[in-house]
Amino acid sequence: MRAAKTTRASVLSGKAAFDRVFVARLKRNSRYFRFHFAASELDHARLGMAVSRRVDKRSVVRNRLRRQIRQSFRLAMATLPNLDIVVNAKPEAAQAPRGEVWRDLLDAWPRLRA
RNA sequence: GGAGUCGGCCGGGCGGUCGCUGUCGCGCAAGCGGCAGAGGAAAGUCCGGGCUCCGCAGGGCAGGGUGCCAGGUAACGCCUGGGCGGCGCGAGCCGACGGAAAGUGCAACAGAGAGCAGACCGCCGAACGGUUCCUCCGGGAAUGCGUGGCAAGGGUGAAACGGUGCGGUAAGAGCGCACCGCGAGUCUGGCAACAGACCGGCACGGCAAACCCCACCUGGAGCAAGGCCGAAUAGGGAUCCCAUGACGUGGCCCGCGUCGGAUCCGGGUUGGCCGCACGAGGCGCGUGGUGACACGCGUCCCAGAGGAAUGACCGUCCUCGACAGAACCCGGCUUACAGGCCGGCUCCAAUC
RNA sequence: CGGGGCGUAGCGCAGCCUGGUAGCGCACCACGCUGGGGGUGUGGUGGUCGCGAGUUCGAAUCUCGCCGCCCCGA
């Protein structure tokens with residue numbers, strides 16, 4: 001499986017950038033995640049993540065979810081339009097098996113193309 | 001072999017493809033290649049330090065902490081050794097373990113009485129009085145009724161003014177004796193905590209995780225500390241206090257320092273670099289020490305992000321993988337944790 | 001990273017400093033007043049005092065260790 005190379009440019013950073021995405025009020029839900037997005041000011045997609053302590057108390061679990069999100073983003077990146085996306089994890093994601101979460105993520109990205 | 005106890009260690013392995021962070025090398029550059037890349041608890045933040053700033057961090061008070069003794073350490077509330085007490089057949093384990101004879105306090109309910117106490121049921125005919133009986137008229141005997149004596153036994157309580165036994169006595173009582181306990185006595189051993197022997201007499205109950213006393217320790221904040229570079233805005237307005245005044249990050253005072261200061265309104269700031277990873281460092285050997293540990297020599301370089309790096313997928317093997325993710329660093333403590341390995345010691349059983 | 005606070009009846013709180021009885025309001029139940037409801041009066045039910053150790057004769061209260069929640073500062 002070939003993943004696109006990501007750089008610092010594909011990281012969404014700063015409170016202002018996050019707020020801009022949330023204000024756009026465009027959203028798609030999957031089983032374990034919420035995808036907020038807005039048209040990017042740049043010529044490529046950027047990813048931001050929100051996995052709060054409410055999802056799971058243990059940082060190990062939160063980090064695992066972030067890695068899965070990031071890795072799935074890399075795989076899907078080339079096919080995505082230039083959007084700024086914030087992925088928000090639902091608390092149920094912490095309880096679910098890893099494989100199931102991964103499949104949920106892979107299924108979700110193509111639906112954002114619309 | 002079984003049961004137990006103490007100490008130390010590991011905590012999925014191997015191979016492949018793609019990707020992430022740092023660093024080194026090459027390249028004008030996009031990049032390419034090499035190397036390294038979470039833990040024993042990284043956790044909780046309960047202690048102790050390093051480092052940085054607060055002018056020096058100086059004296060006193062207040063506050064806080066520690067609490068058998070000695071040692072180790074940068075330091076500690078940690079560790080080691082020893083003492084004392086408790087548990088265990090034992091190896092071992094556990095202990096907030098200074099002072100109650102400096103003072104002030106506290107003890108519900110029950111109970112007669114709860115701290116220089118007390119007599120409910122009791123016990124006592126030795127003493128004084130009474131009553132009854134006997135009498136050889138001197139007195140004698142009985143009786144707990146009164147004056148009284150006692151606190152052994154019963155009973156209450158968490159606790160009842162040393163315990164057990166013997167003697168003693170009217171009944172009793174450290175009143176006497178033995179043992180135990182106790183003691184601010186003496187001697188001996190030990191750096192000390194303390195222990196042993198002798199001596200003394202029975203007085204000095206418990207609670208200091210009650211106030212407190214004693215000894216020792218303790219300035220405050222924190223890497224968003226703090227520093228450098230750059231950019232930008234402002235050099236304002238209002239109110240109040242004024243130089244025996246105001247301010248300074250400590251709770252207060254002294255001392256010291258500064259000369260306007262405080263509050264509110266308005267305005268600006270959310271770049272980059274350093275701090276930031278070579279350290280009270282790891283490993284090996286030697287020496288000293290019972291040990292914690294120290295010293296010497298050799299050797300190694302071992303995460304360093306900044307919306308935050310370890311992932312995805314495949315193959316394979318097994319005993320199918322617990323708790324869990326660094327954010328300035330280090331030493332401890334505490335808490336979580338599937339399974340497994342190594343060594344010391346103890347008890348039991350059996351065999352030679 | 002640092003600082004502070006809370007946890008007691010179904011809910012909101014006192015009691016804790018100074019240790020011995022867990023109390024108040026609302027709610028709930030029963031009865032009375034009313035034809036019924038509402039309202040009101042009287043009586044009553046209901047608490048492992050977040051969990052685990054320790055100190056004490058005795059702990060909601062004192063001490064230590066955990067757990068959960070909330071707030072504040074940079």
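Each chain gets a letter, A, B and so on, in the order its sequence line appears, and its residues count up from 1. Computed from a predicted model, the values in this text were never measured in an experiment.
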Sugar-phosphate only, base, or nothing, as touched by A:R58 at under 4.0 Å among non-hydrogen atoms: sugar-phosphate
Contact under 4.0 Å: A:K57 side-chain N or O vs C:G68 OP1/OP2: yes
Chi angles and distances behind the side chain to side chain contact (heavy atoms under 4.5 Å, CB included) call for A:F33, A:V101: CA-CA 9 Å; A:F33 300 93; A:V101 172; 3.8 Å; yes
Presence of A:S59 side-chain N/O under 4.0 Å of B:A308 phosphate oxygens OP1/OP2: no
B:A178 to B:G98 separation - P atoms, rounded to the nearest Å: 36 Å
Base orientation of B:C302, syn vs anti, 90° cut from 0: syn
Pair partner, B:G63 [Watson-Crick or wobble, under 3.5 Å]: B:U218
Integer-rounded Å distance: B:A309 C1' and A:M49 CE: 11 Å
Counter-base of C:A22, judged by Watson-Crick or G-U geometry with both distances under 3.5 Å: none
Atom-to-atom span, CZ of A:R103 to C1' of B:A312 - whole angstrom: 14 Å
B:C313 phosphate, OP1 or OP2, under 4.0 Å from A:W102 side-chain N/O: yes
A:T79 and A:W109: side chain donor to acceptor below 3.5 Å: no
Pair of N/O donor and acceptor under 3.5 Å linking B:G307 base with A:R46 side chain: no
A:R66 CZ - B:A312 C1' separation (whole Å): 18 Å
Base-pairing mate for C:G38 - Watson-Crick or G-U, with both contacts under 3.5 Å: none
Whole-Å gap separating P (B:C20) and CD (A:Q68): 18 Å
Test: A:R62 and A:D56 ion pair at under 4.0 Å: no
Under 3.5 Å on both distances, the Watson-Crick or G-U partner of B:U290: none
Distance below 4.0 Å between A:R70 side-chain N/O and B:A309 OP1 or OP2: yes
Paired nucleotide for B:G7 [Watson-Crick or G-U wobble; both distances under 3.5 Å]: B:C342
RNA chain B: 5'-proximal contact among A:G48 and A:R98 (nearest heavy atom): A:G48
Base paired to C:G73 (Watson-Crick or G-U; both N/O distances under 3.5 angstrom): C:C1
Contact under 4.0 Å: A:R74 side-chain N or O vs B:G19 OP1/OP2: no
B:G122 - base-pair partner by Watson-Crick or wobble geometry, distances under 3.5 Å: B:C150
B:A324 OP1/OP2 closer than 4.0 Å to side-chain N/O of A:R64: no
Pairwise 5' ranking along RNA chain B for A:V61 and A:G99, keeping only the more 5' one: A:G99
Identity of whatever pairs with B:G167 - Watson-Crick or G-U, under 3.5 angstrom: B:C175
For C:A53, glycosidic torsion class - syn if within 90° of 0, otherwise anti: anti
